[in-house]
Amino acid sequence: MAFDRTRRASDPRQAAEAAFKAATTKAPDAPKPAERAPAAPLSPPGAREMVSLRLDRAVLEHFQKDGPGWQDRINAALKGLVGL
């Protein structure tokens, strides 16, 4: 006689009750993080940050054509664009 693997060995009522309990039981709330002071800014106001930025060659050439100070010109253009 072959073993029928399509039948479940557990009681269907117990399985249904366990599934219902799992679906309706509220998970305990996670502990709240300790209150702490706001984080200090990473840099002083007005300080510049070093970043890596990918620009189209044409944009880079536009700002570099007048020589040194091209990074300042890009910064000024971006500040104007965002309204600062």
Side-chain angles (χ1 to χ4, degrees):
M1 180 169 170
F3 180 71
D4 184 8
R5 292 190 181 260
T6 60
R7 296 193 47 112
R8 294 186 182 151
S10 66
D11 179 24
R13 182 177 178 145
Q14 287 178 345
E17 288 175 356
F20 179 78
K21 184 176 180 181
T24 59
T25 303
K26 182 179 176 186
D29 291 335
K32 294 180 181 177
E35 295 292 328
R36 51 188 166 178
L42 297 176
S43 60
R48 292 187 172 186
E49 297 283 334
M50 182 178 286
V51 298
S52 177
L53 182 65
R54 295 180 186 268
L55 300 172
D56 290 343
R57 172 53 54 189
V59 172
L60 190 57
E61 288 173 355
H62 171 78
F63 285 100
Q64 288 179 335
K65 70 182 176 192
D66 293 328
W70 60 271
Q71 292 171 324
D72 293 329
R73 290 190 290 276
I74 290 175
N75 191 53
L78 289 172
K79 285 174 74 173
L81 184 67
V82 299
L84 296 178

Q: May I have the step-by-step check of salt bridge (charged side-chain N to carboxylate O under 4.0 Å, His left out) for Glu17 and Arg13, ending in yes or no?
A: CA-CA 6 Å; Glu17 288 175 356; Arg13 182 177 178 145; 3.2 Å; yes
Q: Below 3.5 Å, can you tabulate the donor-acceptor pairs from side chains in residues 63-72 to any protein atom, sequence neighbours excluded?
A:
residue: Asp72; atom: OD1; partner: Arg48; partner atom: NH1; Å: 2.5
residue: Asp72; atom: OD1; partner: Arg48; partner atom: NH2; Å: 3.2

Q: Hey, could you give me the CD1/CG distance between Ile74 and Leu60, rounded to the nearest 0.5 Å?
A: 6.0 Å
